[in-house]
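Below, read A as the first sequence line, B as the second, and so on, with proteins coming before strands; counting in each chain starts at 1. Excluded from the calculations below are hydrogen atoms, water molecules and symmetry mates; all remaining heavy atoms, backbone and side chain alike, are included.
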2 protein chains.
Amino acid sequence: MTVTIKDIAQAAGVSITTVSRVLSNKDSFYSEKTARKVKKTAEKLGYQKNTAAAELATQKSKAIGVVINSTQTNFSNSIIEGIQQEANQRDLSAIIVFAGVGDAQMQRRAIQTVIERSVMGILLLSVDISADDLTLLKQAQIPYISLSQAFTDDQISYISSDDFDIGYQATKYLINKGHRKIGLAGIDIQKNAMTGRNRQSGYEKALMEAGIESSNKWIQYGDYSYNSGVMAMKNYGKSPEITAVVAASDMVGIGILNQAHDYGVDVPKDLSIISIDGTDLCKIVQPQLTSVTQAFFEMGIEGVRALTNEKTTEFTNIKIEERDSVKTV
Amino acid sequence: MTVTIKDIAQAAGVSITTVSRVLSNKDSFYSEKTARKVKKTAEKLGYQKNTAAAELATQKSKAIGVVINSTQTNFSNSIIEGIQQEANQRDLSAIIVFAGVGDAQMQRRAIQTVIERSVMGILLLSVDISADDLTLLKQAQIPYISLSQAFTDDQISYISSDDFDIGYQATKYLINKGHRKIGLAGIDIQKNAMTGRNRQSGYEKALMEAGIESSNKWIQYGDYSYNSGVMAMKNYGKSPEITAVVAASDMVGIGILNQAHDYGVDVPKDLSIISIDGTDLCKIVQPQLTSVTQAFFEMGIEGVRALTNEKTTEFTNIKIEERDSVKTV
DNA sequence: ATAGCCATTGCAAACGTTTTCTTTTTGTCA
DNA sequence: TGACAAAAAGAAAACGTTTGCAATGGCTAT
């Protein structure tokens, strides 16, 4: 027996219309006096609004759906914080659904879930949107935006860092520090998202501009995970040809760091690392990792702005944060 | 113009009742033939169920609300994975709302949000439930359970590790390794949750059993954060009296580790660390941290089981995972 | 052929809001 | 005092489902 506006109406001796108006702050359709009375009885009865009913009646939702692909990516928390903050300011609530890691079926189901809750917009966090997902999304006629991952398909608008620039800046930074033999580790170029390919292009551009002929042994593919970093380092070997490496994520960077340590390869003396992401993880390892830091919090903010039809940017800023994992040669 | 079951009914030439029954799999209230027809038209029209309407009609929800206190705690992901998995199996969806970090107002608001969505149950992840929150929850008449934090107030049922035992086992482990002067760092005993106090009691019991007279300089309070670890180590000083320390969380452990490193205190030669939580973080630092590992994934699972009225446990298991941060003396 | 039963289908009310339109009350000004 | 506008309040329909109950039709057993 939950209490409804009908109960309030009865208790306060007014119509449910009035109660509704008071409780949803429809300006000046009621007197101050009744407003007070209604609010007090609502309070006394312990009334809680039924959002489902309200959204059904208004035909619009005040919730935004957030689908998160993986619990692996440790930066999603920052994005979520951004989303949450901006959503709160607009009196929206965020419904977050985890889609498991790399499980196409769960991912589809997660998208379905937010659609069925008829949210006003959908934010996809590092979700590798498949063709199937896309038809589902388009069909639902709900605006959706990919966060942190870019796609070429112009059906998918996104807010992310400029991954080409990330690859380019990271590599150029190492070149400026005097490195010539530079690796790239942990990126995934098989996905629908352009992330890996763009970073690789940027990397190659920087090398080319510096007149460096790259070897394809310098590039180690992976999936942005800690383990990818370990594997990459194993492939580079105990006396690596490269003197510096761009890690596709902080986790990859740490994997490289630890495997290097096992190999007796000193970072940064024997090998320099710059990692992409720049989350707090960079600061808790030794040496602290120099990083290309992405503006995840802002991505979240811009995401909800985009959903509420405010103007927004396609790319958020990146910056290089110098810590202790890169040596000048 | 979204498509409703009415549209399907019209297109398929049946009543909306039939459509509803087919689509929600009410057994044997319809013929195979109509079922096929209805399903096909639903598919063709791109129908998406309106959950709000359905829940309003049935007066019950298939969603469970998850309120997460802080984005700091890096173990919440594991709990969420557990929740998600178990929820999926029961055809429930999880609505996750972040409550900011230590912001009482946002926390209350988050709880309000899930209540207003009339979820069938609420899971509170490391939420420090205040008296205010409690009245709100009780009033809503929705079952709720605290995950990972225990309370004495018997209004709050919980699923967590046995924090007393955690403190006890961790300390005893160090004692068994020959340590006598053992610190405890990073716990918070000011909160409503019993976590910190219970761990401290366990710690003290183990010390007492071993006939060790503890010094209150051995205990450094904090808030489970990286910074708490750093501060604790600073207070222990460059030549610490203690030879081993129980860290209140992995983050605290890492904070201690890094500050020790700065001080030239070698881990584990000069100082042994055992950290509480046992998340992946333990494995990415050097040396890897020995830990009292909590079963976070299981907490998530048990949480939704409890909400669906299945029998469950109050305490999930803990185990000690030996890595490289404790020395035998 | 007929009664009776079962399988299938449909009608209509209900869920808790919001909102349009209408009605009532209040207040102002001549 | 009366007229009238403005302010306040209410009635009822609508949103998209589910479901109790009633209706229909076909089949079986007599």
*Asks:* Strictly below 4.0 Å: does B:S20 bring a side-chain N or O up to OP1 or OP2 of D:dT18?
*Replies:*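 True: B:S20 side-chain N/O within range (under 4.0 Å) of D:dT18 OP1/OP2.
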*Asks:* Under the side-chain contact (heavy atoms from CB on, under 4.5 Å) test against B:I111, which residue among B:D133, B:V97, B:I129, B:L134 passes?
*Replies:*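 Exactly one option meets the side-chain contact (heavy atoms from CB on, under 4.5 Å) with B:I111, and it is B:D133.
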*Asks:* Just to confirm, is there a sub-4.0 Å distance from OP1 or OP2 of D:dC15 to any side-chain nitrogen or oxygen of B:T4?
*Replies:*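 So the side-chain polar atoms of B:T4 never come under 4.0 Å of the phosphate oxygens OP1 or OP2 of D:dC15.
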*Asks:* For residues A:T316 and A:Q294, determine if any side-chain heavy atom of one lies less than 4.5 Å from a side-chain heavy atom of the other.
*Replies:*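 No. Closest side-chain heavy atoms not under 4.5 Å.
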*Asks:* Under 4.5 Å between any side-chain heavy atoms of B:I83 and B:L125, yes or no?
*Replies:*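 Contact flag for B:I83/B:L125 side chains = yes.
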*Asks:* Check this for me: does any side-chain nitrogen of one of B:E116 and B:R109 sit under 4.0 Å from a carboxylate oxygen of the other?
*Replies:*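 So B:E116 does not pair with B:R109 through a salt bridge.
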*Asks:* Rounded to the nearest Å, what distance is computed from the NZ atom of residue A:K33 to the P atom of nucleotide C:dG27?
*Replies:*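 The answer, rounded to whole Å, is 10 Å.
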*Asks:* Do B:R305 and B:E86 meet the salt-bridge criterion of a basic N to acidic O distance under 4.0 Å?
*Replies:*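 Judged by the 4.0 Å cut-off on N to carboxylate O distance, B:E86 and B:R305 do form a salt bridge.
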*Asks:* A:I5 side chain: which of D:dT17, C:dT18, C:dT19 is closest?
*Replies:*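 Shortest atom-to-atom distance from the side chain points to C:dT18.
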*Asks:* Among residues 48-56 of chain A, which residues get a heavy atom nearer than 4.0 Å to DNA chain C?
*Replies:*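 When residues 48-56 of chain A is checked for heavy atoms under 4.0 Å from DNA chain C, the hits, listed by number, are A:Q48, A:K49, A:N50, A:A53, A:A54.
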*Asks:* Atom CG of B:D7 and atom C1' of D:dC15: how far apart are they, to the nearest Å?
*Replies:*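 About 13 Å, once rounded to whole Å.
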*Asks:* Round to a whole Å and report the spacing from OH of B:Y47 to P of D:dG16.
*Replies:*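 Roughly 10 Å, once rounded to whole Å.
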*Asks:* Do B:S20 and B:T17 have a side chain donor and acceptor closer than 3.5 Å?
*Replies:*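 B:T17 and B:S20 do not have a side-chain donor-acceptor pair below 3.5 Å.
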*Asks:* Any side-chain N or O of A:Y30 under 4.0 Å from OP1/OP2 of C:dT25?
*Replies:*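 False: A:Y30 side-chain N/O out of range (4.0 Å or more) of C:dT25 OP1/OP2.
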*Asks:* Take the protein atom CD of B:Q10 and the nucleotide atom P of C:dC11, then report the distance between them rounded to whole Å.
*Replies:*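 Nearest whole value for this atom pair: 12 Å.
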*Asks:* What I want to check is whether the side chains of A:Q149 and A:S126 have a donor and an acceptor closer together than 3.5 Å.
*Replies:*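 Looking only at side-chain atoms, A:S126 and A:Q149 do not form any donor-acceptor pair under 3.5 Å.
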*Asks:* C:dG10, OP1 or OP2 - any side-chain N/O from B:S15 closer than 4.0 Å?
*Replies:*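 For B:S15, the contact criterion (side-chain N or O under 4.0 Å from OP1 or OP2 of C:dG10) is met.
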*Asks:* Would you please classify the geometry between the A:F296 ring and the A:F75 ring as parallel, tilted or perpendicular, with 30° and 60° separating the classes?
*Replies:*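 Parallel, since the angle between the ring planes stays under 30°.
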*Asks:* For the residue pair B:Y158 and B:F315, establish whether any side-chain heavy-atom pair is separated by less than 4.5 Å.
*Replies:*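 In short, these two side chains touch, coming nearer than 4.5 Å.
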*Asks:* With distance as the sole criterion, do the side chain of B:S31 and the base of C:dA7 form a donor-acceptor contact below 3.5 Å?
*Replies:*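 No, no donor-acceptor pair under 3.5 Å.
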*Asks:* For residues 57-65 of chain A, which residues have at least one heavy atom under 4.0 Å from DNA chain C?
*Replies:*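 Within this stretch, A:A57, A:T58 sit under 4.0 Å of the strand.
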*Asks:* Within this structure, what is the CD-to-C1' distance between A:E116 and D:dT17, rounded to whole angstrom?
*Replies:*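 About 13 Å, once rounded to whole Å.
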*Asks:* In whole Å, I'd like the distance from the NZ atom of A:K6 to the C1' atom of C:dT18.
*Replies:*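 After rounding, the gap between these two atoms is 15 Å.
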*Asks:* Quickly work out the B:I16 CD1 to D:dT19 C1' distance and round it to whole Å.
*Replies:*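 From B:I16 CD1 to D:dT19 C1': 11 Å.
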*Asks:* Between B:T18 and A:V19, who's closer to the 5' end of DNA chain C by nearest nucleotide?
*Replies:*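 That would be B:T18.
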*Asks:* Do B:I64 and B:I122 come close enough that some side-chain heavy atom pair is under 4.5 Å?
*Replies:*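 Sidechains of B:I122 and B:I64: no contact.
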*Asks:* Using whole Å, report how far CZ of A:R117 lies from P of D:dG16.
*Replies:*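 In whole Å, D:dG16 P lies 17 Å from A:R117 CZ.
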*Asks:* Looking at D:dG20, D:dG10, D:dT18, which one has an atom nearest to any side-chain atom of B:T17?
*Replies:*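 The answer is D:dG20.
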